[in-house]
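Have a look at the structure below before the remarks.
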Amino acid sequence: MRAKQDAEKEKAATDGSVSPWMNGAKLIDTLLHPDSDVAQALTPKESEGLKNIRKLLISRHIQQDAIPTDLTTDDDDPVNLYIAEQFGGLRKKTDFKKAARSILNGLKFIKTTQAQVAMKEKSVRRITNANKGYLPAEWHRLSTSRQNYVFRLLSYDAIARWGYDSLELSVACGKVPLLFIGWAILCAPHAQTAMAQDLGLEDPEGGDNIYEFVEEFAMKPEVLCNFLRLVESDYSEENPYHNSIHASDVTQTTFALLQMGGDKFSSSPLELFSLLLAAVCHDMGHPGRNNSFEVNSHSELSVIYNDSSVLENMHAARACRLLTRQPGDADLNADILAGLQKTQKEAFRANFTKAILCTDMSQHFAKVAQLKSKISHFGTSDPLKFYVNSDGRSMSVVLQYMLHLADISNPAKPAPIFVEWTDRCLNEFFAQGDAEKEAYMPVSPMCDRDVTVKSDSQLGFIKFIVRPSFVLLSDLVPRAVDEILPILENNLRYWEDQKLKEEEEEEEEQEQQQG
């Protein structure tokens, strides 16, 4: 019944929508039909290739569908083309005749290309083999007992688990948790293998769903670690909350959500790579004050970014500056995108930047409403329905939503982790409130240490923000029903009990004063 409803919704979404992209997708549907002679003759690999092409065609159709048809039907009208490009993000249409000629000419070079691809694959293997045993210098500074401890914390099963304790990792690894968690996730399974071999242990069993970014993007683990060190150094240790432990926690939590089934809403490894690196970098240079403080204090950042997503724009800018910097002779190589083609780099930066900007809390209710609307109209079975046009590119709103949820996930973590993060968060809030009082500025909500009640702050945050958000996510990632929502309910009861205790203590104090 549900499959029939999903088919009807997809049909309704595409009926009357004519475009070369949709026509191409429908042609592929015909070729892949089980009764088709073509389908029966195709190998599984060839079928999968056609399915991937169909995804690209539909995503291009979705991008175009939001733009008035009058602007996209006349190839020769420069005004229409300009408006479609500048205000709709639509790039100039492909000249199919030229494309056909290019394809025919390209056939002459198939053998050469195949040879080049084979050479590239050998190069990737050389890169992988040369770096399989790489261990960061910080690993060698640990005692053997600490190395064994960190190895267990960074096993593939551990880092893919909900409820991971990044605070514990920070203590165990010598206060560089972002370096270690980033290396363990982005260089899996080689990071785990290198640690095991150094400790004289058997090669660890890999997870069922390893992304293997090292091979995919010809990325050297040593270069990634250089990059992670630079990023981690840009997080202030003085911030009780917005520091590199928080960044490592958000990175691991994002990874856990992907491993729980969220990665089905991605159409390519590049999207996953972009999202995880956005998690790594999402709070770079955080000053320990929120956007309200920046705007109300008329800070330089608020002027630069016109009071709009001030900190998020700053984080993204600092990260992109680091990604695109030209190192001098004395600088370590930190170019983690060196193995990407130009078009891949452009797509990476678009996804990476947008994901960071979507961590702006002021967009929370709009993002929730957007996702609810998508689910209401299309159901949850087709990941392509959750792509939207953003600056001329199709992006998954689910992936962006998962990073946002990872950023607010502390109340959904098991005890005692959620309590420690609550204290850290409120301490940073109170420091801001103190600064606001000193500057005769309005004190931001939950930032006044004299009136804020810890239990009330968490009860409201969970009831109105965190719980509804994860309930919505559970429609898309069913494992959240058993692995996240019960923890949230337990934590909610904990804060309700704390509130009762606080009220009883307050009553006793009042009675003593009256007596």
Quiz prompt | Trace of the side-chain hydrogen bond (donor to acceptor under 3.5 Å, both in side chains) decision for Glu436 with Asn296 | solution = CA-CA 9 Å; Glu436 288 170 331; Asn296 292 334; 5.2 Å; no
Self-check item: Lys372, NZ atom: more than 12 neighbouring heavy atoms under 6.0 Å
Solution: no
Quiz item: Testing Thr359, Asp283, Asp234 for side chain to side chain donor-acceptor pair (under 3.5 Å) with His315, which one passes?
Solution: Asp283
Quiz item: Taking side chain as C-beta onward, heavy atoms only, is Met446 less than 4.5 Å from Cys425?
Solution: no
Quiz item: So among Leu399, Val477, Ile484, which one has a side-chain contact (heavy atoms from CB on, under 4.5 Å) with Leu257?
Solution: Ile484
Quiz item: Is the distance between the ring centroids of Phe352 and Phe273 less than 6.0 Å?
Solution: no
Quiz item: Under a 4.5 Å cut-off applied to non-hydrogen side-chain atoms, are His242 and Tyr235 in contact?
Solution: no
Exercise. Could you check Glu346 against Arg393 for side-chain contact (heavy atoms from CB on, under 4.5 Å), going step by step and ending with a plain yes or no?
Key: CA-CA 10 Å; Glu346 292 173 352; Arg393 295 185 182 277; 3.4 Å; yes
Practice problem: Check whether any side-chain heavy atom of Asn243 lies under 4.5 Å from a side-chain heavy atom of Ser236, and answer yes or no. | Solution: no
Quiz prompt | Atom pair CG/CG of Leu277 and Leu224 - distance to nearest 0.5 Å | solution = 7.0 Å
Practice problem: For residues Phe293 and Asn290, report the shortest heavy-atom separation together with the two atoms involved. | Solution: N-OD1, 3.0 Å
Quiz prompt | side-chain hydrogen bond (donor to acceptor under 3.5 Å, both in side chains) between Ser155 and Asp157, worked out | solution = CA-CA 5 Å; Ser155 71; Asp157 288 340; 5.7 Å; no
Quiz item: Salt bridge between Glu428 and Arg289, side-chain N to carboxylate O under 4.0 Å?
Solution: no
Quiz prompt | Side-chain donor-acceptor pair present, Arg493, Asn490, cut-off under 3.5 Å | solution = yes
Quiz item: Does Gln344 reach the main-chain N or O of Gln341 with its side chain, forming a donor-acceptor pair under 3.5 Å?
Solution: yes
Quiz prompt | Rounded distance (nearest 0.5 Å) linking atom CD1 of Ile487 with atom CZ of Phe418 | solution = 10.0 Å
Quiz item: Is a side-chain N or O of Asp360 found less than 3.5 angstrom from the main chain of Ser362, in a donor-acceptor match?
Solution: yes
Self-check item: Gap separating the NE2 atom of His404 from the OG atom of Ser409, nearest 0.5 angstrom
Solution: 11.0 Å
Quiz prompt | Check: Met284 and Leu322 side chains under 4.5 Å, non-hydrogen atoms | solution = yes
Practice problem: Report the C-alpha distance between Arg161 and Glu483 in whole Å, list the side-chain angles of each, state the deciding distance to 0.1 Å, and finish with yes or no for salt bridge (Lys or Arg N to Asp or Glu O under 4.0 Å). | Solution: CA-CA 9 Å; Arg161 192 178 301 129; Glu483 298 181 38; over 6 Å; no
Practice problem: Sort and list the pairs that fulfil salt bridge (Lys or Arg N to Asp or Glu O under 4.0 Å) and have at least one residue in residues 246-258, not counting sequence neighbours. | Solution: Asp249-Lys413
Practice problem: Of all the heavy-atom pairs spanning Ile375 and Thr380, show the shortest one and how long it is. | Solution: CG2-CG2, 3.9 Å
Quiz prompt | Residue pair Leu153, Asp165: steps toward the side-chain contact (heavy atoms from CB on, under 4.5 Å) verdict | solution = CA-CA 9 Å; Leu153 291 176; Asp165 191 350; over 6 Å; no
Self-check item: Gap separating the CH2 atom of Trp162 from the OG1 atom of Thr253, nearest 0.5 angstrom
Solution: 5.5 Å
Self-check item: Side-chain touch Leu169/Leu154, heavy atoms, less than 4.5 angstrom
Solution: yes
Quiz prompt | Side-chain donor or acceptor of Gln252 paired with backbone N/O of Ile159 under 3.5 Å | solution = yes
Self-check item: Chi angles and distances behind the side-chain hydrogen bond (donor to acceptor under 3.5 Å, both in side chains) call for Ser274, Asn351
Solution: CA-CA 6 Å; Ser274 305; Asn351 284 295; 4.7 Å; no
Quiz item: Out of curiosity, Asn410 CG to Gln458 CD, how far, rounded to the nearest 0.5 Å?
Solution: 9.0 Å
Quiz item: For Tyr241 and Asp407, which heavy atoms make the closest approach, and how far apart are they?
Solution: OH-O, 4.0 Å
Exercise. Might you point out which heavy atoms bring Tyr211 and Asp263 nearest each other, and give the distance in Å?
Key: OH-OD2, 2.9 Å
Self-check item: Phe430 side chain reached by Asp448 side chain, heavy atoms, under 4.5 Å
Solution: no
Exercise. For Ser170 and Ser166, indicate whether the former's side chain and the latter's backbone hold a donor-acceptor pair under 3.5 Å.
Key: no
Quiz item: Phe255 and Tyr156: aromatic ring centres closer than 6.0 Å?
Solution: yes
Quiz item: When you look at Tyr387 and Ser267, which way does the side-chain hydrogen bond (donor to acceptor under 3.5 Å, both in side chains) test go after all the steps?
Solution: CA-CA 10 Å; Tyr387 278 76; Ser267 63; 3.2 Å; yes
Practice problem: Please report the C-alpha distance between Leu311 and His286 in whole Å, then the side-chain angles of each, then the deciding distance to 0.1 Å, and finally whether the side-chain contact (heavy atoms from CB on, under 4.5 Å) criterion is met. | Solution: CA-CA 7 Å; Leu311 293 179; His286 200 291; 3.7 Å; yes
Quiz prompt | Minimum-distance pair of heavy atoms, taken over all atoms of Cys281 and Val231 | solution = SG-CG2, 4.1 Å
Quiz item: Is there a donor-acceptor contact under 3.5 Å from the side chain of Ser396 to the main chain of Phe265?
Solution: yes
Practice problem: Check whether any side-chain heavy atom of Pro177 lies under 4.5 Å from a side-chain heavy atom of Glu232, and answer yes or no. | Solution: yes
Self-check item: Any donor-acceptor pair under 3.5 Å from Ser308 side chain to Tyr305 backbone
Solution: no
Self-check item: Over all atoms of both residues, closest heavy-atom pair of Ser297 and Glu294
Solution: OG-O, 3.3 Å
Quiz item: Looking only at atom types and distance, does a side-chain atom of Gln432 sit under 3.5 Å from a main-chain N or O of Cys447, one as donor and one as acceptor?
Solution: no
Quiz prompt | Between Ser266 and Glu271, a side-chain donor and acceptor under 3.5 Å | solution = yes
Quiz item: Any side-chain heavy atom of Leu340 within less than 4.5 Å of one from Glu216?
Solution: no
Quiz item: Given the rule in the side-chain contact (heavy atoms from CB on, under 4.5 Å) test, do Leu337 and Phe217 qualify, once you have shown the distances and angles that lead to the verdict?
Solution: CA-CA 8 Å; Leu337 305 183; Phe217 303 116; over 6 Å; no
Quiz item: Is the distance between the ring centroids of His246 and His282 less than 6.0 Å?
Solution: yes
Quiz prompt | Where at least one partner belongs to residues 451-472, residue pairs that pass salt bridge (Lys or Arg N to Asp or Glu O under 4.0 Å), sequence neighbours excluded | solution = Asp423-Lys454, Asp456-Lys499, Arg467-Glu489
Quiz item: When rounded to the nearest 0.5 angstrom, what distance separates CE in Met402 from CD in Gln400?
Solution: 10.5 Å
